[in-house]
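One structure is given here, and the rest of the page talks about it.
Throughout, numbering of the chain's residues begins at 1 and tracks the sequence.
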Amino acid sequence: LGMFSELKFLVPWGHVAAKAWGDSEGHPVLCLHGWLDNANTFDKLIPLLPRGCYYVAMDFSGHGLSSHRPAGCPYHFLDYVTDVRRVAAALHWRRFTLMGHSMGGAVAGMFSFLYPEMVDKLILLESLGFLLAPEDTEAWLKSKRRVIDRLLSLEAKQLTPKARSPEAALQRLLEANSHLTAEGGAILLQRGATETPTG
């Protein structure tokens, strides 16, 4: 398992980089590095692990060879969890093992809590995983899952931006804002819409 290949997954602000060891048909294992580390943190460990697995170590956004988020955008734990979702989707992994070191273990724990159906094993190295007060779990789970799922489905739709006629754009704006007059809507659209060749 000494040889590895470099992977790149497109995200809206650039790409997430990763390196992979083993046969891509093997059991999928996603490896998450710690605070201010990168995928190379697993270089010495992976060759010692069982063969028959496909190990993918990703660089979190702003780490290693992954793109930084745009300036002024914070790096929240939930954003790292979303990065894991993006990479799993790009790899077409529906169920896989998560191995996280330190901060990566906290992200792995949070991911497992939000998406238990996607994780068959959770391996934590120097990490507590993710702990919540019992009375908070249900509400937290619902709201955070909704945030991530909605974001990813919105992004999938953004690939083909909609073009409308000026009349249809105004109609759409008025439907979405029942308190707006047609005159008010037209004023907002002057600055809130961009003309393209298709509409």
Side-chain angles (χ1 to χ4, degrees), residues 7-18 30 32 35 58-95 98 103-104 106-119 130-199:
L7 304 175
K8 227 181 204 183
F9 308 103
L10 291 181
V11 292
W13 59 92
H15 67 268
V16 168
L30 189 60
L32 308 179
W35 175 252
M58 61 184 274
D59 290 326
F60 284 127
S61 296
H63 298 70
L65 301 179
S66 287
S67 303
H68 288 234
R69 293 185 183 277
C73 292
Y75 291 80
H76 290 303
F77 264 55
L78 210 60
D79 298 320
Y80 292 139
V81 171
T82 310
D83 286 351
V84 172
R85 265 301 300 274
R86 294 175 200 280
V87 168
L91 290 164
H92 306 292
W93 287 1
R94 297 178 56 141
R95 200 163 158 76
L98 264 177
M103 179 191 87
V107 173
M110 195 181 279
F111 184 93
S112 303
F113 178 65
L114 283 168
Y115 299 100
E117 73 280 5
M118 294 181 75
V119 181
F130 175 62
L131 304 168
L132 259 188
E135 64 274 13
D136 297 336
T137 52
E138 202 50 47
W140 195 91
L141 182 66
K142 266 208 193 88
S143 70
K144 298 302 182 268
R145 234 185 117 127
R146 196 181 307 126
V147 165
I148 293 175
D149 293 347
R150 202 170 277 172
L151 174 69
L152 295 181
S153 76
L154 267 176
E155 276 170 14
K157 287 181 194 152
Q158 291 302 317
L159 299 175
T160 49
K162 283 198 177 84
R164 299 180 164 93
S165 70
E167 300 75 30
L170 178 59
Q171 193 53 47
R172 175 76 190 87
L173 186 63
L174 296 176
E175 280 166 18
N177 301 278
S178 55
H179 61 280
L180 261 186
T181 63
E183 187 191 8
I187 290 170
L188 286 177
L189 278 180
Q190 284 170 15
R191 195 178 176 93
T194 308
E195 201 167 325
T196 66
T198 53

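- Taking NE2 of His179 as the start and CG of Leu174 as the end, the distance is 10.0 Å to the nearest 0.5 Å.
- The minimum heavy-atom distance linking Ala163 with Thr196 is given by the pair CB-OG1, 4.2 Å.
- In this structure, CG in Leu188 is found 11.0 Å from CD in Glu183, a value given to the nearest 0.5 Å.
- In this structure, CG on Asp79 lies 8.5 Å from CZ on Arg86, to the nearest 0.5 angstrom.
- To the nearest 0.5 Å, the span separating NZ on Lys142 from CG on Leu114 amounts to 13.0 Å.
- Applying the side-chain contact (heavy atoms from CB on, under 4.5 Å) rule to Ala18 yields the partners Leu7, Phe9, Val56, Met58; only residues at least two apart in sequence or on another chain are considered.
- Of all heavy-atom pairs spanning Ser66 and Ala17, the tightest one is OG-N, 2.8 Å.
- Between the side chain of Asp83 and the backbone N or O of Phe60, no donor-acceptor pair lies under 3.5 Å.
- To the nearest 0.5 Å, the span separating CG on Leu154 from CG on Asp149 amounts to 11.0 Å.
- Open room surrounds CZ on Arg172; 12 or fewer heavy atoms of other groups in view lie less than 6.0 Å from it.
- Interatomic distance, CH2 of Trp93 versus CE of Met118, reported as 10.5 Å (0.5 Å rounding).
- Atom CH2 of Trp35 sits in a sparse spot, with 12 or fewer heavy atoms from other residues, nucleotides or ligands closer than 6.0 Å.
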**Study point:** Evaluation steps, side-chain hydrogen bond (donor to acceptor under 3.5 Å, both in side chains), between Glu167 and Ser165
**Key:** CA-CA 5 Å; Glu167 300 75 30; Ser165 70; 3.3 Å; yes
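- Between Arg85 and Glu155 there is no salt bridge, since no side-chain N of the basic residue sits under 4.0 Å from a carboxylate O of the acidic one.
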**Study point:** Derivation of the side-chain contact (heavy atoms from CB on, under 4.5 Å) call for Phe111 and Leu32
**Key:** CA-CA 11 Å; Phe111 184 93; Leu32 308 179; over 6 Å; no
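- Contact record, Thr82 with Leu151: CG2-CD2, 4.0 Å, taken as the closest heavy-atom pair.
- Side-chain contact between Val107 and Phe130: absent, with no pair of heavy atoms (C-beta onward) separated by less than 4.5 Å.
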Practice item. Would you sort out whether Arg164 and Glu175 count as a salt bridge (Lys or Arg N to Asp or Glu O under 4.0 Å), showing the intermediate values? Key: CA-CA 14 Å; Arg164 299 180 164 93; Glu175 280 166 18; over 6 Å; no
**Study point:** Pair Leu98-Ser112, side-chain contact (heavy atoms from CB on, under 4.5 Å): steps then yes or no
**Key:** CA-CA 8 Å; Leu98 264 177; Ser112 303; 3.9 Å; yes
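- The heavy-atom pair separating Leu141 from Phe113 by the smallest distance is CD1-O, 3.2 Å.
- Ser61 places no side-chain N or O within donor-acceptor distance of the main-chain N or O of Arg69, the cut-off being under 3.5 Å.
- Counting heavy atoms from C-beta on, the side chains of Tyr115 and Ile148 come closer than 4.5 Å.
- Other residues, nucleotides and ligands contribute only 12 or fewer heavy atoms inside 6.0 Å of the CD atom of Glu195.
- What you find for Leu65 and Asp59 is that their closest heavy atoms are N-OD2, 2.9 Å.
- Arg95 and Val119 make their closest contact through NH1-O, 3.4 Å (heavy atoms, listed as atom of the first residue, atom of the second, distance).
- Evaluation of the side-chain contact (heavy atoms from CB on, under 4.5 Å) rule for His68 yields Tyr75 as partners, not counting sequence neighbours.
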